[in-house]
There are 2 protein chains.
Amino acid sequence: MANSARNLKIRNSSLDEIDQALIGLLSDNARLSHAELARSVGLSPPSVAERLRRLEEEDGVVSAYTVELDPKALGYTLTAIVRIRPLPGQLHHVEKLLIESPEVIECDKVTGDDCFVARYLLRSIDELDPILERIAQRAQTSTSIVKASPVKRRLPPVP
Amino acid sequence: MANSARNLKIRNSSLDEIDQALIGLLSDNARLSHAELARSVGLSPPSVAERLRRLEEEDGVVSAYTVELDPKALGYTLTAIVRIRPLPGQLHHVEKLLIESPEVIECDKVTGDDCFVARYLLRSIDELDPILERIAQRAQTSTSIVKASPVKRRLPPVP
DNA sequence: AATGAAAGTGTTTATCC
DNA sequence: GGATAAACACTTTCATT
C-alpha cells in the first residue's frame, strides 16, 4: 500500500507521463469518466481504471476526490490568518477550541513562539473581534487579514 | 450565476437539507455517480443532476471537483509556513518568486508587518536553508515548521 | 422541482496478448 | 500493462405532473 516497496519507486523515480496526465485531468475535474480520461491519454477505459486503482490503493498518491466550495458564494467575505500562542497551561483548551470552531477551516501546530496558525473564514469584519476576545482568555493572538492570494491552494509537484 | 439574485437567497437563507447532503457526500467522494447520490438522498438521478447543475452554475457554491494528493506518498516529508516581509522595492520580485516556486503550494498577501504567508512542501529539512537564502536577498523571513495539523483543510460551513 | 421512460454512454469483468 | 468484448449500470433528454 502507501508504505510498501512500490512507494519507494515513486519517491525515488517518478510517475510516468500518463499517470501525470491523469492526475492533471482529474485535478481540473475529478468527475471525468474513465472513458473521457481514456480518450485524453490514448488508453482504453479499463487501463485507465487500473492506473487510477494503483494511484489510489498501491501508491497512495491519490488520497481523495473532493469538492471545492466557493466561500464568497456562501457569504464568507473575509479570510483571516491568526497566529496563536496559548498562555501557560492553556494549550489543550486552545487546541480544542480551534478544532471545534467551524469558522476555522485549517489549523497547524508549528514550531516557534506561536504555537498554532489558524485560517478563519468570516462573513464580515464584525465577526473578528468576538472570536479573538474568546481566545484572548487563553492565548495571545496576532491576526492578519488576507488581501489577496497570489498562490491559491495547488497540488504538490508530481515528480 | 454566482452573483445573481439567487445568490442572495443563499447568503440570507440557506441550502436545503438535500443540497447539504449532496455536498457532504461529494466532499467524501467527488466521483460518486448521480445514481449513487440519488439513492443516498432519496431522489431520482435526473433530480440529483439538476440540483448539482444549480449548485455549480446558478448558486456558484460548488466551484470545482478536484483530487487530493498525499504529500507523503510523493516524498514530501515536511511542511513549513514562512512569513515574508519584502525589503523596500522588492515586493513584486518577491511575489513573482513565490508564484514561480512549485514548492509553494499556497501563498496569501496579508495585512500587517509580514506581507506574505507562504506554505512550503519540502522533501527534507535540507531543502529549507537554500530556499530561505534565495529569499533573504529580497526579504526578511520568519519560518515555522508544521509539527501537526489539528484541523486539516476542511470545507466552509454550509448554512 | 421532481418523475419515468428510452436512447445513448460508460463501467466492469473475463479473457487474451 | 494493455486491449477487446459482452453484460450490466449510468446519464441525459423529454414529456408529464
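Lettering follows sequence order; numbering is per chain, from 1.
Distance A:Glu50 CD to C:dT15 P: 17 Å, rounded to the nearest Å. If you take CD of B:Glu36 and P of C:dT12, they are 9 Å apart, rounded to a whole angstrom. Between the CG atom of A:Asp59 and the P atom of D:dG1 there is a distance of 10 Å, given to the nearest Å. The CZ atom of A:Arg31 sits 13 Å away from the C1' atom of C:dG10 (whole-angstrom rounding). Distance B:Leu37 CG to D:dA9 C1': 15 Å, rounded to the nearest Å. Counting to the nearest Å, the P atom of C:dA1 and the CZ atom of B:Arg53 are 11 Å from each other. For the pair A:Leu55 CG and D:dG1 P, the interatomic distance rounds to 11 Å; values are reported in whole Å. Computed from coordinates, the B:Leu52 CG to C:dA2 C1' distance equals 14 Å when rounded to whole Å.
Between the axis at the start and the axis at the end of the helix from C:dA1-D:dT17 to C:dC17-D:dG1 there is an angle of 40°, using five pairs per end and rounding to 10 degrees.
No donor-acceptor pair under 3.5 Å is formed between the side chain of B:Arg83 and the backbone N or O of B:Gln140. With hydrogens and angles disregarded, a donor-acceptor distance shorter than 3.5 Å links the side chain of B:Asp16 to the backbone of B:Ile18. Distance alone, capped at 3.5 Å, is enough to place a donor-acceptor pair between the B:Arg154 side chain and the A:Val104 backbone. Here the side chain of A:Ser101 pairs no donor or acceptor atom with the backbone of A:Glu103 at under 3.5 angstrom.
No salt bridge links A:Glu36 with A:Arg39; every basic N to acidic carboxylate O contact stays at or beyond 4.0 Å.
Using a 4.0 Å heavy-atom criterion, one finds that B:Arg39 contacts the sugar-phosphate atoms exclusively.
Among the nucleotides D:dA3, C:dG10, C:dT3, the one closest to the side chain of B:Leu43 is C:dT3. Minimum atom distance to the side chain of B:Pro45 is reached by D:dT12, of the listed D:dC10, D:dT12, C:dG10. Among the nucleotides D:dT12, D:dC10, C:dG10, the one closest to the side chain of B:Pro46 is D:dT12.
Checking the phosphate oxygens (OP1, OP2) of C:dA2, a side-chain nitrogen or oxygen of B:Arg51 falls inside 4.0 Å. For the pair B:Arg54 and C:dA2, the criterion of a side-chain N or O lying under 4.0 Å from OP1 or OP2 is met. Considering only side-chain N and O atoms, A:Ser44 lies nowhere under 4.0 angstrom from the phosphate OP1 or OP2 of D:dG2. The side chain of B:Ser47 contributes an N or O atom lying less than 4.0 Å from OP1 or OP2 of C:dT3.
Between the side chains of B:Tyr65 and B:Glu56, a donor-acceptor pair is found at a separation under 3.5 Å.
Applying salt bridge (charged side-chain N to carboxylate O under 4.0 Å, His left out) to A:Asp108 and the options B:Arg153, B:Lys152, B:Lys147, B:Arg119 leaves one that passes, B:Arg119.
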